Student: 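Okay, here's the structure, questions in a sec.
Note that the structure is a prediction, hence the values are computed from the model and not measured. Residue numbering restarts at 1 for every chain, and letters A, B, ... go by the order of the sequence lines.
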Amino acid sequence: MATPKKKTNTKKKSTVKKTVKTTKTKAVKKTIAGKKTSVTVKAAKKAAPKTGTSKTTTKRASAKSKTVSTKTAKPVRDISYDPKAIEQKWQAKWEADKLYRAVIDYSKPKHYALTMLPYTSGDLHFGHWYPMAPSDARARFKRMNGYNVLFPIGFDAFGLPAENAAIKRGIHPKEWTYKNIENMRRQLKSMGAMFDWEREAITADPEYYKWTEWFFIQLYKQGLAYRKMSAVDWCPSCNTTLAREQVVGENRVCERCGTPVIKKNLEQWFFKTTKYADELLNFDELDWPERVKVLQTNWIGRSEGASVIFRTEAGDPIEIFTTRPDTLWGATFMVFAPEHPLVDKVTTPEQREAVEAYRAQVARESDIEREAVDKEKTGVFTGGYAINPVNHARIPIWIADYVLMSYGTGAIMAVPAHDERDFEFARKYDLPIVQVIKPEGESEAGELKAAYVGPGVMINSGPFDGTKVNAEKGRKNPGISAVIDWLEEMGIGKEAVNYRYRDWLISRQRYWGAPIPMIYCEKDGWNPVPEDQLPVLLPDDVEWKPTGESPLKFHPTWKNTTCPVCGEPAVRETDTMDTFMCSSWYHLRYLSPHYDKGPFDPVEYDYWMPVDTYTGGIEHATMHLLYTRFFHKAMRDAGIVKGNEPMIQLRNQGIILGEDNEKMSKSRGNVVAPDELVEKYGTDALRTYLMFAYRWEEGGPWNPQGIDGTARWLRRIWALFTDASDSPASASVETKRTLRRRVHQTLKRVTRDFENFEFNTIISSLMELLNDMYKAREAGAVGTPEWDEATEIYLKMLAPVAPHIAEELWTNQLGKPYSIHQQSWPQVDEEAAREDMIELPIQINGKVRDRITVPAGASEEEIKAAALASEIVKKYLDGKEPKKVIVAKGRLVSIVV
RNA sequence: GCCGAAGUGGCGGAACUGGCAGACGCGCACGACUCAAAAUCGUGUUCCCUCCGGGAAUGUGGGUUCGAUUCCCACCUUCGGCACCA
């Protein structure tokens with residue numbers, strides 16, 4: 001570049017340029033070039049001199065003078081940056097060189113960076129780029145920091161969409177899936193990520209699902225897989241059962257297709273996730289977002305209380321769970337769920353007809369109707385009575401739809417005085433209400449207007465009258481604790497914990513999934529397929545039912561086999577596993593995707609596990625992220641894996657919405673196709689834009705114009721590095737010092753932000769530094785050692801975010817040794833980063849009135865003296881002594897007048 | 001109803017120890033270059049006033065403090081999750 005522009009960016013107030021206006025320090029005025037003297041427009045406007053400095057530098061005048069100088073400057077112009085060519089070239093070379101192959105290296109610390117594997121729906125969209133590209137940048141950062149980084153990728157390939165496509169278009173799910181994988185692989189490669197493709201795993205490959213089946217058998221052997229008849233959620237559109245986690249929203253719809261689910265009584269396979277409920281509530285070893293921990297905690301829904309045995313008049317025990325054993329003396333009736341097994345037995349002949357009618361009515365109601373909170377409670381008296389074990393009161397037994405068979409024991413003691421639902425019910429059916437907790441300090445209460453649920457003193461409670469009860473739950477509440485002790489002593493109840501969490505229903509009545517490797521024999525019942533016969537392969541020759549019913553069930557021969565125990569003819573389970581089972585262990589298959597002596601090579605396991613950083617969407621908080629933790633703990637207890645947790649650090653990105661601020665979907669037509677953007681702007685621009693435009697954990701609506709900003713930035717980088725500058729190495733000492741300071745300050749910030757997943761500020765710091773480097777170049781910094789250091793550090797910081805342009809400029813422009821991605825992350829030179837002069841604002845009565853510039857090491861006294869010497873301060877003081885002067889070192893001076 | 005997160009210019013966002021609010025970028029306006037456009041470069045861009053200067057402002061109202069986007073209290077709004085959970 002022939003003529004450096006004689007201009008200063010007057011807009012910026014960044015630390016490189018300090019325009020100081022006090023009389024005392026007026027001379028201290030710096031730009032990165034160290035020799036600019038013009039009063040800048042903004043400064044003139046903002047902090048206009050009070051000291052008689054000429055006001056002739058008006059906006060117009062200064063703008064004009066700049067205009068003149070611009071004419072002599074050649075604008076930065078570049079046409080040679082061709083992202084497409086550069087990106088394709090380097091991607092091919094990196095692949096040929098196996099630059100991202102991750103192999104065990106005991107001389108280095110390992111870092112397992114994992115990003116959630118994509119489902120093989122056909123197209124890689126923004127939902128994939130947004131988590132993956134920044135995760136890749138961070139993995140690259142870790143690698144440059146000396147870690148041996150594993151950043152694998154694979155495909156979640158089983159599941160319904162493939163089967164639906166098969167039904168709709170007559171393509172075999174396998175064909176549809178593997179065609180999609182091919183396309184997605186190409187798209188993923190266009191991202192330029194450091195994926196180690198030799199570790200790719202596909203969950204629908206027999207060499208993969210063989211081990212998914214094997215894991216099922218291990219769970220079975222551990223007693224954690226069982227078959228049970230129960231009322232399960234069924235999606236009529238997907239034609240399959242669903243796990244409770246897969247039923248979402250207040251309309252209780254299928255997580256995948258949005259169809260309201262119905263209940264069906266079916267015998268299905270479950271995993272005993274509840275066995276680990278307590279351990280899953282422990283997040284001590286995890287660096288996970290608070291949000292996710294709260295979601296999982298609420299999902300598991302632990303409540304502490306007591307289990308108490310009531311009895312029917314015939315002596316049958318009725319177990320109930322209560323969080324308020326302190327209110328046992330106020331139980332004036334009992335309520336059973338209509339499906340409760342004792343209903344038949346306690347119902348009297350006179351009430352039988354009413355009870356049967358009510359049960360029939362409830363059975364007709366959908367779950368949504370039945371569980372609507374605002375619905376008025378209904379119920380029917382059974383005619384039977386129970387005995388309250390604490391006071392031997394004879395209380396009526398009702399059935400009502402507000403008691404659910406699926407929670408607790410399906411029976412409750414009703415304490416209308418201290419439970420809102422029971423109160424409402426008692427009022428409606430005119431049942432007695434007995435108050436047993438009185439708010440402290442109040443006299444004996446009159447008639448209750450509403451249930452009292454606060455703390456107080458126990459009354460009408462026999463031996464416990466006068467006992468104080470606070471608002472705490474469980475044993476933490478001394479009143480409740482005393483009652484529990486007494487219940488245990490009397491042998492009528494005990495401390496108990498109840499969970500909202502349910503066992504994981506894993507049976508799916510579908511074809512495209514890993515077969516459940518179980519065999520049923522009339523004589524020997526259910527037994528696992530012998531492990532040496534795995535995998536149970538899916539048959540290819542199947543016929544699709546338009547109804548969506550599993551073709552496995554109708555296959556003429558597939559299910560026929562022999563019993564592994566007696567050798568007689570037997571049948572296979574025709575259900576397949578929930579695909580969440582496949583994804584519960586994919587991070588283990590990446591370790592050795594072709595290993596055939598087990599699900600993973602233990603040598604690889606010992607080196608790489610656990611996953612150090614896991615990135616993906618928060619929508620999996622109570623599904624995949626909970627399943628995989630359960631899976632790991634169960635396999636730990638089976639002696640197959642080690643440690644308590646599979647993924648130590650978790651970070652969730654937000655969601656990119658469409659331009660219309662709605663979720664991207666084909667039907668809305670607001671889907672942004674990454675392929676087109678890569679074509680138009682290049683991968684580097686797209687990657688950096690995704691990092692720059694949002695707080696990564698928040699996401700937000702897509703702004704089609706925003707990407708121009710990062711594309712422009714990359715072009716400006718290109719221009720700075722490729723324009724031959726003929727300016728001599730003429731920079732002043734101050735310019736060079738300032739350049740180094742800015743480089744090392746930026747490095748410090750960028751390093752910190754990478755560690756913290758704060759990608760947007762990484763890019764903005766790099767943009768700022770580029771602006772400073774342009775100024776330094778104008779001031780003749782090119783050719784100096786400081787400039788060379790700046791360019792080298794700049795490209796190294798750029799390498800993780802924009803790997804292609806960084807490589808091109810590094811290798812071909814600077815002529816440094818290939819590859820930049822194998823270089824070490826630069827070290828911060830703290831001395832260089834240190835400011836030697838700092839500008840301090842002076843506040844008078846809380847408002848900034850002036851600024852002074854002092855040496856960074858100035859003492860409090862010196863700063864105070866300098867501040868009080870300011871003309872402006874003197875004006876405000878008006879000859880008086882300041883009431884108070886506060887010097888916040890390195891921050892500001894605050895004067896109270 | 002319960003649990004959680006978030007409210008900052010026209011927009012995305014920054015301010016990481018309680019210390020200069022609005023960095024960086026988008027958009028927009030004006031100017032340069034161009035036959036023209038694009039690209040590029042430059043300047044400006046929170047709001048208000050009497051435009052010299054000053055005032056107000058980080059969802060709202062209070063509080064602590066020399067000083068609050070940051071801490072405390074109350075409330076409002078938006079988003080996410082759970083929801084008759086005994």
Side-chain angles (χ1 to χ4, degrees), chain A residues 5 7 9-14 41-42 48 55 59 62-64 66-67 69-71 73-79 248-250 289-291 294-295 297-299 301 303 305 320-324 335 370-375 377 400-404 406-409 411-415 419-422 424-425 498-500 618-619 621-622 689 692-695 697-698 700-701 703 705-710 712-713 715-716 719 749 752-753 756 758 760-761 763-768 771 839-848 851 883-886 888 890-896:
Chain A
K5 291 179 298 302
K7 291 185 32 175
N9 183 346
T10 61
K11 183 184 171 188
K12 313 299 178 272
K13 287 194 304 178
S14 64
V41 173
K42 186 151 186 175
K55 294 287 171 38
K59 263 189 209 182
S62 77
K64 202 169 177 183
K66 279 167 176 115
T67 301
S69 68
T70 307
K71 277 192 171 162
K74 190 175 98 183
V76 174
R77 172 159 240 147
D78 170 66
I79 45 163
V248 297
E250 59 184 311
E290 211 51 42
R291 280 196 291 180
V294 167
L295 284 171
T297 302
N298 291 346
W299 187 257
S303 12
I320 60 112
F321 171 76
T322 177
T323 54
R324 293 295 304 274
V335 187
R370 179 167 168 186
E371 292 179 13
V373 184
D374 46 2
K375 192 188 138 208
K377 294 174 191 3
D401 56 0
Y402 79 94
V403 174
L404 310 172
S406 56
Y407 184 80
T409 60
I412 62 160
M413 66 163 185
V415 183
D419 181 280
E420 281 158 17
R421 295 152 300 173
D422 298 345
E424 189 194 324
F425 195 81
N498 208 7
Y499 300 92
R500 215 186 71 94
I618 197 164
E619 68 273 16
T622 56
Y689 180 57
F692 178 58
Y694 314 87
R695 274 187 282 217
E697 297 192 3
E698 296 294 322
N703 172 4
Q705 286 168 324
I707 191 170
D708 287 325
T710 47
R712 210 169 281 153
W713 169 57
R715 280 198 294 272
R716 272 167 55 78
R749 280 210 297 270
R752 179 195 69 196
D753 292 348
N756 297 337
E758 284 165 5
N760 55 344
T761 47
I763 308 292
S764 57
S765 296
L766 289 175
M767 284 174 169
E768 281 182 74
N771 292 340
E839 190 194 50
L840 298 179
I842 302 176
Q843 286 188 347
I844 297 168
N845 291 341
K847 287 199 193 318
V848 176
R851 288 152 207 286
K883 249 189 207 150
K884 208 171 185 182
V885 179
I886 295 139
R891 303 278 185 186
L892 54 43
V893 182
S894 185
I895 299 171
V896 187

Student: Could you work out which one of A23(B), A86(B), C20(B) sits closest to the side chain of Glu768(A)?
Tutor: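 The listed nucleotide nearest to Glu768(A)'s side chain is A23(B).
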Student: Reading RNA chain B from 5' onward, which residue's closest nucleotide shows up sooner: Leu295(A) or Asp708(A)?
Tutor: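 Looking at the nearest nucleotide for each, Asp708(A) comes out on the 5' side.
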Student: Distance check needed: G19(B) P versus Glu839(A) CD, whole Å only.
Tutor: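 Going from Glu839(A) (CD) to G19(B) (P), I get 17 Å.
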Student: Please round to the nearest 0.5 Å and tell me the distance separating atom OG of Ser765(A) and atom CD of Glu758(A).
Tutor: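 Answer for the OG-CD pair, Ser765(A) versus Glu758(A), is 10.5 Å.
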Student: Taking atom C1' in both U78(B) and U60(B), compute the distance separating them and give it to the nearest angstrom.
Tutor: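 Each nucleotide's C1' atom is 15 Å from the other's.
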Student: With a 4.5 Å heavy-atom cut-off, do Ile842(A) and Val848(A) have their side chains touching?
Tutor: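 Side-chain contact under 4.5 Å: no.
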Student: Counting only side-chain N and O atoms of Arg421(A), is one of them less than 4.0 Å from OP1 or OP2 of C85(B)?
Tutor: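 Result: yes.
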Student: Rounding to a whole Å, what distance do you find between Gln705(A):CD and C28(B):P?
Tutor: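 Those two atoms, CD and P, are 6 Å apart.
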Student: Nearest 0.5 Å please: distance from the CZ atom of Arg500(A) over to the CH2 atom of Trp299(A).
Tutor: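 Separation between the atoms: 4.5 Å.
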Student: Taking any strand in view, what nucleotide pairs with C75(B) in a Watson-Crick or G-U wobble way, both distances under 3.5 Å?
Tutor: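 Partner of C75(B): G59(B).
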Student: Check whether any side-chain heavy atom of Asp422(A) sits under 4.5 Å from a side-chain heavy atom of Met413(A), and report yes or no.
Tutor: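 Side chain of Asp422(A) against side chain of Met413(A), heavy atoms only: no contact under 4.5 Å found.
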Student: So Asn703(A), base contact, sugar-phosphate only, or nothing? Heavy-atom distance under 4.0 Å.
Tutor: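 Touches sugar-phosphate only.
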Student: What's the spacing between Arg695(A) CZ and Thr761(A) OG1 if we round to 0.5 Å?
Tutor: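 Reported value, rounded in 0.5 Å steps: 11.0 Å.
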Student: Could you work out the separation of G61(B) and U77(B) based on their C1' atoms and round it to a whole Å?
Tutor: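 It works out to 15 Å between them.
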Student: Rounded to the nearest Å, what distance is computed from the CD1 atom of residue Ile844(A) to the C1' atom of nucleotide G19(B)?
Tutor: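 Computing the Ile844(A):CD1 to G19(B):C1' distance gives 15 Å.
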Student: If we call it a pair only when both distances are under 3.5 Å in a Watson-Crick or G-U wobble match, what pairs with C84(B)?
Tutor: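 In the structure as shown, C84(B) has no Watson-Crick or wobble partner.
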Student: Supply the atom-to-atom distance Tyr402(A) OH to Glu424(A) CD, rounded to the nearest 0.5 angstrom.
Tutor: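 Rounded to the nearest 0.5 Å, the OH-CD separation comes out at 8.5 Å.
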Student: How about Asn771(A) and Arg716(A): does a side-chain donor come under 3.5 Å of a side-chain acceptor?
Tutor: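 Note: Asn771(A) and Arg716(A) side chains meet the donor-acceptor criterion.
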Student: So, OP1 or OP2 of G27(B): does either fall under 4.0 Å of a side-chain N or O from Arg712(A)?
Tutor: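 For G27(B), OP1/OP2 do have a side-chain N/O of Arg712(A) under 4.0 Å.
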Student: Which base, if any, makes a Watson-Crick or G-U wobble pair with C33(B), both distances under 3.5 Å?
Tutor: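 Because no pair has both required distances under 3.5 Å, C33(B) counts as unpaired.
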Student: Which atom names give the shortest non-hydrogen contact between Leu892(A) and Pro841(A), and what distance separates them?
Tutor: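 Shortest heavy-atom contact: CB-O, 3.3 Å.
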Student: When both hydrogen-bonding distances must be under 3.5 Å and the geometry is Watson-Crick or G-U wobble, what is U69(B) paired with, if anything?
Tutor: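 Matched U69(B) with nothing under the 3.5 Å cut-off.
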Student: If the C1' atom of G22(B) is compared with that of A15(B), how far apart are they to the nearest Å?
Tutor: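 After rounding to an integer number of Å, I get 9 Å for this pair.
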Student: How many Å lie between OH on Tyr402(A) and C1' on C85(B), as a whole number?
Tutor: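 Atom OH in Tyr402(A) sits about 13 Å away from atom C1' in C85(B).
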Student: Check every atom of C84(B), A86(B), G25(B) against the side chain of Phe692(A) and return the nucleotide holding the closest atom.
Tutor: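 Ranking C84(B), A86(B), G25(B) by closest atom to the Phe692(A) side chain puts G25(B) first.
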Student: Hey, which of these two, Asp422(A) or Asn760(A), hits RNA chain B nearer its 5' end, going by closest nucleotide?
Tutor: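 This one resolves to Asn760(A).
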Student: Report the distance from atom OG1 of Thr409(A) to atom CD1 of Ile320(A), rounding to the nearest 0.5 Å.
Tutor: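 The OG1 atom of Thr409(A) sits 7.0 Å away from the CD1 atom of Ile320(A).
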Student: On a whole-Å scale, what distance lies between the P atoms belonging to G27(B) and C73(B)?
Tutor: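 After rounding to an integer number of Å, I get 42 Å for this pair.
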Student: Which value, in whole Å, describes the distance between the P atoms of nucleotides G62(B) and G67(B)?
Tutor: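 Comparing P positions in G62(B) and G67(B) gives a spacing of 16 Å.
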Student: The side chain of Arg715(A) lies closest to which of these nucleotides: C20(B), C84(B), U40(B)?
Tutor: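 Within the option list, the nearest is U40(B).
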Student: Scan every strand shown for a Watson-Crick or G-U wobble partner of A21(B), both distances under 3.5 Å, and answer none if you come up empty.
Tutor: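 Looking at the geometry, A21(B) pairs with no nucleotide.
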Student: Starting from C1' on C84(B), measure out to CZ on Phe321(A) and report it in whole angstrom.
Tutor: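 After rounding, the gap between these two atoms is 16 Å.
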Student: Does Glu420(A) have more than 12 heavy atoms from other residues, nucleotides or ligands lying within 6.0 Å of its CD?
Tutor: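 Count not over threshold, so no.
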Student: Taking 4.0 Å as the cut-off, does a side-chain nitrogen or oxygen of Arg716(A) come that near to OP1 or OP2 on C41(B)?
Tutor: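 Yes, such a contact exists.
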Student: Only pairs with both distances under 3.5 Å count, Watson-Crick or wobble alike; so what is the partner of G27(B) in this structure?
Tutor: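 In the structure as shown, G27(B) has U45(B) as its Watson-Crick or wobble partner.
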Student: Answer with base, sugar-phosphate or nothing: what part of the nucleic acid does Trp713(A) contact at a heavy-atom distance below 4.0 Å?
Tutor: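 Answer is nothing: Trp713(A) stays at 4.0 Å or more from every strand.
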Student: Separation of Leu404(A) atom CG from A86(B) atom P, in whole Å?
Tutor: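 Atom CG in Leu404(A) sits about 11 Å away from atom P in A86(B).
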Student: Give a yes/no on whether any side-chain N or O of Arg695(A) is located under 4.0 angstrom from OP1 or OP2 of A14(B).
Tutor: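 For A14(B), OP1/OP2 do have a side-chain N/O of Arg695(A) under 4.0 Å.
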Student: Kindly point out which of C85(B), A56(B), C24(B) is positioned nearest to the side chain of Lys847(A)?
Tutor: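 It is A56(B).
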Student: Using atom names, set out every protein N or O paired with an N or O of nucleotides 16-18 of chain B below 3.5 Å, distance rounded to 0.1 Å.
Tutor:
residue	atom	partner	partner atom	Å
C16(B)	N3	Glu758(A)	OE1	2.8
C16(B)	N4	Glu758(A)	OE1	2.5

Student: Say we look at G55(B) and A38(B): how far apart would their C1' atoms be, to the nearest angstrom?
Tutor: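 Pairwise C1' distance, G55(B) against A38(B), rounds to 44 Å.
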Student: Taking A57(B) as the reference, what is the distance to A68(B) when you measure between their C1' atoms (whole Å, please)?
Tutor: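 To the nearest whole Å, 14 Å.
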Student: Mind listing the N/O atom pairs, protein and nucleotides 63-71 of chain B, below 3.5 Å?
Tutor:
residue	atom	partner	partner atom	Å
C66(B)	OP1	Lys884(A)	NZ	3.0
C66(B)	O2	Ser894(A)	OG	2.6

Student: Do the non-hydrogen side-chain atoms of Val415(A) and Thr322(A) ever get within less than 4.5 Å of each other?
Tutor: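 Sidechains of Thr322(A) and Val415(A): no contact.
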Student: What is the glycosidic conformation of G9(B): syn, defined as within 90° of 0, or anti?
Tutor: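 G9(B): syn glycosidic orientation.
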Student: Given Ile886(A) and Val893(A), is the side-chain contact (heavy atoms from CB on, under 4.5 Å) satisfied, shown in steps?
Tutor: CA-CA 6 Å; Ile886(A) 295 139; Val893(A) 182; over 6 Å; no
Student: So how far is it from Asp753(A) CG to Asn760(A) CG, rounded to the nearest 0.5 Å?
Tutor: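 Rounded to the nearest 0.5 Å, the CG-CG separation comes to 8.0 Å.
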Student: Are any of Asn771(A)'s side-chain N or O atoms less than 4.0 Å away from OP1 or OP2 of G25(B)?
Tutor: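 Yes, Asn771(A) has a side-chain N/O under 4.0 Å of OP1/OP2 on G25(B).
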Student: Now, which nucleotide makes the Watson-Crick or G-U wobble pair with A14(B), with each of the two distances under 3.5 Å?
Tutor: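 When the pairing criteria are applied, nothing turns out to pair with A14(B), so the answer is none.
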Student: Taking only the C1' atom of each, what is the distance from C3(B) to U58(B) in whole angstrom?
Tutor: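 These two C1' atoms come out 27 Å apart once rounded.
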Student: Rounding to an integer number of Å, can you tell me how far Trp299(A) CH2 sits from C82(B) P?
Tutor: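 Going from CH2 in Trp299(A) over to P in C82(B) covers 6 Å.
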Student: When the distance from OH of Tyr694(A) to P of A5(B) is rounded to whole Å, what number comes out?
Tutor: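 So the OH-P distance, Tyr694(A) to A5(B), works out to 24 Å.
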